[in-house]
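So the structure is just underneath, and the comments pick up after that.
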Amino acid sequence: MNKIPWGNNENLDNDQFFNRSIELNHLKQMLLTTKDETPPNILLTGIRGVGKTVFLKKIKRELEDDGFLVIYINFSQAECFRRKKMSINALMQFYFKKTLSSCNNNILENASEKLKKYLKTNNFHFKEFQEVNKIPIPIFNSEIDNQELMEYVLTFPEKIYKSNKDKLKGIIILIDEFQIIKELNDYKESFLWVIRSYIQDQRNIAYVFTGSMSLNDALISEISGHNGVFGGRMISFHLSPFSKNTVKQYLNEKKPGLKFSEDGFNSFYEYTFGIPAYINNFAKILSENIEFTSESITREFNESIYYISSNLVNIWFELSYKNKIIIISLLNCPIRRIDIAKYLNVKSGSLSSNLKELENLSLIQKSEDNLYSISEPLLEKWLKSEFNEKGEYPFTII
Ligand SMILES: Nc1ncnc2c1ncn2[C@@H]1O[C@H](COP(=O)(O)OP(=O)(O)OP(=O)(O)O)[C@@H](O)[C@H]1O
Ligand SMILES: [Mg+2]
């Protein structure tokens with residue numbers, strides 16, 4: 001059976017999830033210290049498609065079996081982000097809902113008395129309470145003060161823990177797609193500071209933040225750098241692409257019928273960069289029992305690049321027309337902002353928000369000498385191959 005998952009599958013079963021045993025063990029050991037009241041705060045880094053989300057979900061299953069409550073929150077699923085109406089208020093309400101839905105009723109019921117008391121004594125401004133299974137669930141007023149809401153939401157897990165001490169070894173909160181907080185713009189920094197102020201002294205709650213960020217993303221140093229919000233107290237944990245050897249073992253085990261000559265395999269690795277998302281998409285569509293050489297792999301790659309890079313293709317089609325043209329302007333070589341503006345026939349000043357948006361998506365990067373370039377080589381290759389084949393760039397899905 002072909003056990004290779006598609007590159008957009010976020011829930012791999014144990015048979016599909018390959019390797020990472022050393023990383024799993026390390027991260028688990030760190031998180032297990034939560035039961036000794038020394039919970040870590042961790043920033044999990046790694047490039048797009050390397051496997052951060054599936055890794056966290058695997059950790060989640062294992063720690064739940066070990067007696068922890070594990071809350072997984074994917075910030076990009078927040079409605080406010082999807083509707084491009086990001087606000088601290090809406091993000092926190094989403095956070096709260098996800099926290100609640102991760103707790104079974106048994107756990108919440110224990111917390112309910114504490115909650116009622118807390119809500120009363122702190123005089124919170126809620127629109128109303130809904131009692132669900134005797135648990136007071138506050139419905140927030142949209143005008144509720146951000147500070148008040150953040151305090152309530154970010155200290156809520158502690159209350160859950162305190163009321164369930166006998167059942168839980170601790171609580172682990174995994175926040176995925178954390179990079180979307182960049183969309184909070186001017187509020188981002190204060191948001192980070194407030195988060196820090198609430199979570200740094202929590203004795204029984206560990207946090208792991210991750211998301212799609214390029215490795216030189218400013219957000220990483222803003223969070224975990226020495227001068228960052230966490231002042232060097234956030235532990236960085238990095239997931240690397242698969243090595244050549246790992247990919248060899250992986251394919252041998254999961255798709256033994258797939259055959260390569262030596263240089264054929266080298267080309268396969270070169271085209272997929274050791275990134276599991278691309279390895280899987282490519283390996284899945286290659287025929288079995290034919291020996292692929294470097295040339296035939298190159299041909300197959302060029303013919304299937306649309307499928308292999310499907311996550312990037314999806315992101316591309318969601319870009320605005322102007323953002324697409326900016327990317328196209330960078331296809332030949334890295335250029336300065338002024339040259340991008342010339343290419344688009346606009347004033348350089350009008351590019352600020354577009355460049356920022358593309359940088360936030362980790363699609364482009366700016367070098368120290370102020371040259372912009374595309375940071376996703378597969379996107380670049382796909383666009384060039386579309387142009388070579390069709391004589392124009394893909395602006396619409398058809
Ligand atoms: N350990 C693994 N074993 C097998 N396949 C894997 C593994 N890790 C990742 N993959 C493959 O890579 C794909 C992408 O993984 P995942 O979504 O976790 O990446 P990510 O780092 O979270 O990417 P993004 O930055 O875009 O969120 C998965 O759908 C799966 O096909
Ligand atoms: Mg992910």
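Just so you know, ligand 1 is whichever comes first in the structure, and atom 1 is the first atom listed for that ligand.
The Asn8 neighbourhood of ligand 1 comprises atoms 29 (O), with distances under 4.0 Å to a heavy atom of that residue. Within the listing of ligand 1, atoms 31 (O) sit less than 4.0 angstrom from a heavy atom of Pro5.
Residues Leu286 and Phe268 have side chains in contact (heavy-atom distance under 4.5 Å, counting atoms from C-beta outward). No side-chain heavy atom of Ile59 sits less than 4.5 Å from a side-chain heavy atom of Phe68. Counting heavy atoms from C-beta on, the side chains of Tyr187 and Met86 never come closer than 4.5 Å.
The protein non-hydrogen atom at the shortest distance from atom 10 (N) of ligand 1 is Pro276 CB, 3.3 Å. Nearest non-hydrogen protein atom to atom 8 (N) of ligand 1 is Val54 CG2, 3.2 Å. If you check which protein heavy atom lies closest to atom 4 (C) of ligand 1, you get Gln16 O, 3.3 Å. The protein heavy-atom contact nearest to atom 26 (O) of ligand 1 is Arg48 CG, 3.2 Å. Considering only non-hydrogen protein atoms, atom 28 (C) of ligand 1 sits nearest to Asn9 O, 3.4 Å. For atom 25 (O) of ligand 1, the closest non-hydrogen atom of the protein is Ser212 OG, 2.5 Å. Closest to atom 23 (O) of ligand 1 among all protein heavy atoms lies Gly49 N, 2.9 Å. The nearest heavy-atom contact from the protein to atom 20 (P) of ligand 1 is Lys52 N, 3.5 Å.
Side-chain contact annotation: Asp369 with Ser367, donor-acceptor N/O pair under 3.5 Å present. Residues Gln93 and Asn89 bring a donor and an acceptor atom of their side chains to less than 3.5 Å of each other. No side-chain donor-acceptor contact under 3.5 Å links Tyr161 and Gln202. In summary, the side chains of Ser101 and Lys97 do not present any donor paired with an acceptor at a separation below 3.5 Å, with no hydrogens or angles considered. Looking only at atom types and distance, the side chain of Lys58 has a donor-acceptor partner in the side chain of Asn14 under 3.5 Å away. A donor-acceptor contact closer than 3.5 angstrom is absent between the side chains of Ser385 and Asn302. Asn266 and Lys244 share a side-chain donor-acceptor pair at under 3.5 Å. At a cut-off of 3.5 Å, with distance as the only test, a side-chain donor of Arg337 or Ser352 sits close to an acceptor on the other residue. Side-chain atoms of Asn185 and Lys356 include a donor-acceptor pair closer than 3.5 Å.
For Phe18, a nitrogen or oxygen atom sits less than 3.5 Å from a nitrogen or oxygen atom of ligand 1, counting backbone and side chain alike. For ligand 1, none of its N or O atoms has an N or O atom of Phe242 under 3.5 Å away. Looking at Thr53 next to ligand 1, an N or O pair under 3.5 Å apart turns up. The N/O atoms of Gly51, backbone and side chain alike, include one that comes under 3.5 Å of an N/O atom in ligand 1. Residue Ala277 places at least one N or O, backbone or side chain, under 3.5 Å from an N or O of ligand 1. Among the atoms of Asn311, none of the N or O lies under 3.5 angstrom from an N or O of ligand 1.
Ring planes of Phe395 and Trp316: tilted class, angle from 30 to 60°. Using bins of under 30°, 30° to 60° and over 60° for the plane-to-plane angle, the ring pair Phe191/Phe75 lands in the tilted bin.
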**Study point:** Worked verdict on Asp66 versus Lys35 for salt bridge (charged side-chain N to carboxylate O under 4.0 Å, His left out)
**Key:** CA-CA 11 Å; Asp66 271 354; Lys35 68 177 184 322; over 6 Å; no

Practice item. Apply salt bridge (charged side-chain N to carboxylate O under 4.0 Å, His left out) to the pair Glu295 and Arg299, showing each step before the final yes or no. Key: CA-CA 6 Å; Glu295 277 114 68; Arg299 201 173 44 244; over 6 Å; no

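A heavy-atom separation below 4.0 Å is found between Glu177 and ligand 1. Within the structure, ligand 1 has Leu12 among the residues with a heavy atom less than 4.0 angstrom away. In this structure, Gly46 does not count as a contact residue of ligand 1, since none of its heavy atoms falls inside 4.0 Å of the ligand. A heavy-atom separation below 4.0 Å is found between Tyr250 and ligand 1.
Put simply, Ile338 and Ile327 are part of two different groups of oily side chains (I, L, V, M, F, W, Y) that touch within less than 4.5 Å, one to the next.
The nearest non-hydrogen atom to atom 13 (C) of ligand 1, considering only Gly211, Ser362, Gly7, comes from Gly7. For atom 30 (C) of ligand 1, the nearest non-hydrogen atom from the set Ile315, Ile47, Asn280 comes from Asn280.
Protein N/O/S atoms found under 2.8 Å from the Mg ion (ligand 2), listed by chain and residue number: Thr53 OG1.
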